[in-house]
> 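One structure is given below, represented as structure tokens, and several questions about it will come after.
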Amino acid sequence: MSAQAAARRRRPRALTLVLGVAVAAAVVVPAAPASAAVPGLVRIAVTSASNSNDFRSVTATCPVGKVLTGTGYELNGATGEAVVDDLRPNGGPAVAPTAVTVGAYEAEAFAGNWSLTAFAICANPVAGLVRVSASSASNSNDFRSVTATCPVGKVLTGTGHELNGIMGEGVVDDFRPNGCPAVAPTAVTVGAYEADAFAGNWSATAYAICASPLAGLVRTSAVSPSDSNDFHSVTAACPLGKVLTGAGYELNGIMGEGVVDDFRPNGGPAAAPAAVTSGAYEEDVFTGNWTNTAYAICATA
């Protein structure tokens, strides 16, 4: 057989191989969809009785099989005359939280009826979820600040606080997660003032709800106008495609004369929260300008 004939006989096989490679190259494996960082996220609300008692406490518990990633509360009917003393997630350094207890006192004598709502942000089990805490010194100073930091390698999903020994005479002015729109939070700082002169010793506790790293976790914020109005409300929303795991707030310029009345995540028993509203009143008449900042802790939906 001549070389030219041999080449003609080999050509169909070579063409078949080329076509096979082309077909294989055309088979594209679809990319796997991004998985939710906190599947099953919902918001649970429980409200106390409405009456004129000086103190009330209410606990919001996650549905069976879910864990607590964040907290919130709302005072109804008191309009700055009541303060939240406790916003306490359960759990511990080796136990995932599943509930939050909120306790509130009248800051001044208040004859009207009022109630308290506790909000629990809950999700299907989250890897590494724990609750850690840090407490300030106990003394009679007017102001104290304390920071609870997540264990190394964990991130902050939610927050809590507790004032000990002051029973309605102290207000939380700062409840500030760290982080930013491009950095996951890892700690929360609680700053508290005496609302009125108080001679006894008292302390503040910060609670951090922490988990193994979550996809897309960031902290966003929104600030109210700076003015001398009696009430300031502001909402911080998660970026598109993210959901709210927890939140915080900060009052600037009022130094113990303001009370956060609403610290309310949106959502519901069948809807994932995606924003938080912070509403604050002047506790006493205050002529200076002040602002209210809401912080949203958000992860991939």
> I need the full list of disulfide (SG to SG under 2.5 Å) pairs touching residues 166-204, with sequence neighbours left out, sorted by first then second residue.
none
> If only atom types and distance count, is the side chain of T205 paired as donor or acceptor with the main-chain N or O of S135 below 3.5 Å?
no
> Could you measure the distance from the CD1 atom of I166 to the OG atom of S203? Nearest 0.5 Å is fine.
9.5 Å
> For residues S278 and N292, report the shortest heavy-atom separation together with the two atoms involved.
O-ND2, 2.9 Å
> Same cluster for Y73 and L244 if Ile/Leu/Val/Met/Phe/Trp/Tyr side chains link at under 4.5 Å?
yes
> Kindly work out whether a path of hydrophobic side-chain contacts (I/L/V/M/F/W/Y, heavy atoms less than 4.5 Å apart) joins L68 to L217.
yes
> Kindly state each residue pair satisfying salt bridge (Lys or Arg N to Asp or Glu O under 4.0 Å) with at least one member in residues 137-162, sequence neighbours excluded.
R88-E162
> Scan for salt bridge (Lys or Arg N to Asp or Glu O under 4.0 Å) pairs involving residues 278-301, sequence neighbours excluded, and state none if there are none.
none
> Does any pair with a residue in residues 76-105 pass ring pair (Phe, Tyr, Trp, His ring centres under 6.0 Å), and if so which ones, sequence neighbours excluded?
F55-Y105
> Apply side-chain hydrogen bond (donor to acceptor under 3.5 Å, both in side chains) to the pair N201 and S138, showing each step before the final yes or no.
CA-CA 6 Å; N201 291 340; S138 179; 4.9 Å; no
> Any side-chain heavy atom of E194 within less than 4.5 Å of one from E169?
no
> What residues form a side-chain contact (heavy atoms from CB on, under 4.5 Å) with V190, not counting sequence neighbours?
V146, H161, V172, F175, A206
> Does V67 belong to the same Ile/Leu/Val/Met/Phe/Trp/Tyr cluster as V42, with side-chain heavy atoms less than 4.5 Å apart forming each link?
no
> Atom CG of N252 and atom OG1 of T291: how far apart are they, to the nearest 0.5 Å?
3.5 Å
> When rounded to the nearest 0.5 angstrom, what is the spacing between OH in Y249 and OG1 in T293?
12.5 Å
> Which value, rounded to the nearest 0.5 Å, describes the distance between N51 atom CG and N113 atom CG?
6.5 Å
> Taking side-chain contact (heavy atoms from CB on, under 4.5 Å) as the test, write out the residues that go with S228, two or more places apart.
N289
> Applying disulfide (SG to SG under 2.5 Å), which residue pairs with at least one partner in residues 55-102 are found, sequence neighbours left out?
C62-C122
> Testing the basics here: between S224 and H232, what is the closest heavy-atom pair and its distance to 0.1 Å?
OG-CD2, 3.4 Å
> Which heavy atom of P93 sits nearest to which heavy atom of V130, and what is that distance?
O-CG1, 3.3 Å
> Please check if any side-chain donor atom of N178 sits under 3.5 Å from a side-chain acceptor atom of T186, or the reverse.
yes
> Restricting to salt bridge (Lys or Arg N to Asp or Glu O under 4.0 Å), what partner residues turn up for R176, sequence neighbours left out?
D174, E250
> Which pair of heavy atoms, one from V171 and one from A195, lies closest together, and at what distance?
CG1-CB, 4.0 Å
> Would you give the length of the straight line joining atom CD1 of I297 to atom OG1 of T220, rounded to the nearest 0.5 angstrom?
9.5 Å
> Using a 4.5 Å cut-off on heavy atoms from C-beta on, say whether the side chain of P151 contacts that of C210.
yes
> Can you tell me which residue pairs pass the salt bridge (Lys or Arg N to Asp or Glu O under 4.0 Å) test with a partner in residues 217-230, sequence neighbours excluded?
none
> Is it the case that T117 and N76 place a side-chain donor and acceptor less than 3.5 Å from each other?
yes
> Can L163 be reached from Y193 by stepping across I, L, V, M, F, W or Y side chains whose heavy atoms are under 4.5 Å apart?
no
> Do we see a donor-acceptor contact under 3.5 Å between the side chains of S115 and S50?
no
> Suppose the criterion is salt bridge (Lys or Arg N to Asp or Glu O under 4.0 Å): which pairs have a residue in residues 92-106, not counting sequence neighbours?
none
> Is there a path from F286 to L251 through hydrophobic residues (I, L, V, M, F, W, Y) whose side chains come within less than 4.5 Å of each other?
yes
> Between T71 and F119, is there a side-chain heavy-atom distance shorter than 4.5 Å?
no
> Any side-chain heavy-atom pair from P181 and V218 closer than 4.5 angstrom?
no
> Taking all non-hydrogen atoms of both residues, which atom of P265 and which atom of I121 are closest, and how far apart?
CB-CD1, 4.0 Å
> Do T157 and T69 pair up side chain to side chain, a donor and an acceptor below 3.5 Å, judged on atom types alone?
no
> If we only count heavy atoms from C-beta on, is the F198 to D196 side-chain gap below 4.5 Å?
no
> Answer whether the closest heavy-atom distance between the side chains of L75 and W114 falls below 4.5 Å.
yes
> Does some side-chain heavy atom of P97 sit less than 4.5 Å from a side-chain heavy atom of L129?
yes
> Show the nearest heavy-atom pair for residues T189 and S145, with the distance to one decimal.
CG2-OG, 3.5 Å
> For residues 235-243, please give each side-chain donor-acceptor pair under 3.5 Å, one per line with the distance, not counting sequence neighbours.
from	atom 1	to	atom 2	distance (Å)
T235	OG1	T277	OG1	2.7
K242	NZ	G216	O	2.6

> Suppose we screen for side-chain contact (heavy atoms from CB on, under 4.5 Å). Which residues come up paired with A60, at least two apart in sequence or across chains?
V46, V100, A118, A120
> Rounded to the nearest 0.5 Å, how far apart are OG1 of T59 and CG of N90?
8.5 Å
> Below 4.5 Å, heavy atoms only, C-beta onward: do T300 and L214 meet side chain to side chain?
no
